[in-house]
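For reference, the structure is listed below as structure tokens.
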Amino acid sequence: MKINYTNQFVKSASDRIVELLQLTLRENSHFLLSLCGGSTPVPIYEALSERSADIPWSRVIITFGDERCVPPDHHQSNYRMADGALLSRVEIPEHNVLRMEGELDPHDAALRYESKLREAANSVGREMPSHDLVLLGVGDDGHTASLFPETEALKETNAFVAANFVPRLRSWRLTLTLPCINSSKNILFLVNDEKKYEIVSEVASGLSSYPAAQVAPRNGSVEWIVGPTIPKTSS
Ligand code: 6PG
């Protein structure tokens, strides 16, 4: 697990994403990229929208790590956020963007997304919808995607997508599961908040029970890009 503390969070993150994309596309026809939600990634997505000279968008398939159970035009929608910061700004074919249908019944939407993922993987000659890169955030309770502590979706061992009721939010979420996330080739956690440094250290210690600590791909890498400053104690 590699942690890159940086004073240039957006540049470090967007450069690493472009680097992994270009490395993957040397050997593969497409780059399967899962976007995380929340507020942290917005400037990174905006920076990526300026990098179209480096990114053949027609060869990028976009999925979502999670979604709130709201319509796509709702202010809480992760799709709406990503569309505003990135997708509407680049020439990516509509069929390359796999939206989680937050407006539907959560269980139906999870089943539909699981099929979408598998179809997309098969369309580019892959058996399993294992991602080339999954972007993840982390919450102040150690959740990642919409895998919150002590919620049912954390127990999922087969399905790649789950509907997950989150008691602390009193709402349903759609989320990729650990089997899906842990089948990825690369995982990039994005943290840009000094209040989360404690969580980063605890997850890095390997002794944590946080959901974020359960992200451990069998044949993949986990990296953290952490800003906004380099802590005094970091080696
Ligand atoms: C979501 C996210 C969630 C997010 C963390 C961090 O839908 O909210 O997927 O896992 O990444 O809660 O959120 P911030 O970036 O807003 O701190």
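All residue numbers in this chain count up from 1 along the given sequence. Remember, it's 1-based here, ligands and their atoms both numbered in the order they're listed.
Atom 13 (O) of ligand 1 has as its closest protein heavy atom G38 CA, 4.0 Å. Of all protein heavy atoms, the one closest to atom 6 (C) of ligand 1 is V138 O, 3.5 Å. Among protein heavy atoms, atom 8 (O) of ligand 1 sits closest to R68 NH2, 2.7 Å.
For N192, the heavy-atom gap to ligand 1 stays at 4.0 angstrom or more. Within the 4.0 Å heavy-atom shell around ligand 1 one finds R173. For the ligand labelled ligand 1, residue A145 lies inside the 4.0 Å heavy-atom shell.
Environment of CZ in R89: crowded, with over 12 heavy atoms of neighbouring residues, nucleotides or ligands closer than 6.0 Å.
Annotation: N78 places an N or O atom under 3.5 Å from an N or O atom of ligand 1; distance criterion only.
Of the charged side-chain nitrogens involved, at least one lies within less than 4.0 Å of a carboxylate oxygen, so that R168 and D141 count as a salt-bridged pair. Look at K116 and E119 and you find no salt bridge, because none of the NZ, NE, NH1 or NH2 atoms lies under 4.0 Å from a carboxylate O.
Checking S52 against E91 by side-chain atom types alone, no donor-acceptor pair falls below 3.5 Å. For the residue pair N164 and T175, no side-chain donor N or O sits within less than 3.5 Å of a side-chain acceptor on the partner.
The nearest non-hydrogen atom to atom 5 (C) of ligand 1, considering only H143, E67, K196, K195, comes from H143.
Atoms of ligand 1 found under 4.0 Å from any heavy atom of S39 (numbered from 1 in listed order, with element): 14 (P), 15 (O), 16 (O). Within ligand 1, counting atoms from 1 as listed, the ones closer than 4.0 Å to a heavy atom of G137 are 11 (O). Residue contact check: D66 has heavy atoms under 4.0 Å from atoms 1 (C), 2 (C), 7 (O), 9 (O) of ligand 1.
Residue contacts with ligand 1 for T40 involve both N, CA, C or O and side-chain atoms from C-beta outward (heavy atoms, distance under 4.0 Å).
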Give the C-alpha distance, both sets of side-chain angles, the deciding distance and a yes or no for salt bridge (charged side-chain N to carboxylate O under 4.0 Å, His left out) between R112 and D105. CA-CA 10 Å; R112 287 166 59 93; D105 166 82; over 6 Å; no
Cut-off 3.5 Å, no hydrogens considered: what does the side-chain donor-acceptor table look like for residues 20-31, sequence neighbours left out?
residue: Q22; atom: NE2; partner: D54; partner atom: O; Å: 3.1
residue: T24; atom: OG1; partner: L20; partner atom: O; Å: 2.8
residue: N28; atom: ND2; partner: T24; partner atom: O; Å: 3.0

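For residues 134-154, the pairs satisfying ring pair (Phe, Tyr, Trp, His ring centres under 6.0 Å) are H143-F148, with sequence neighbours left out.
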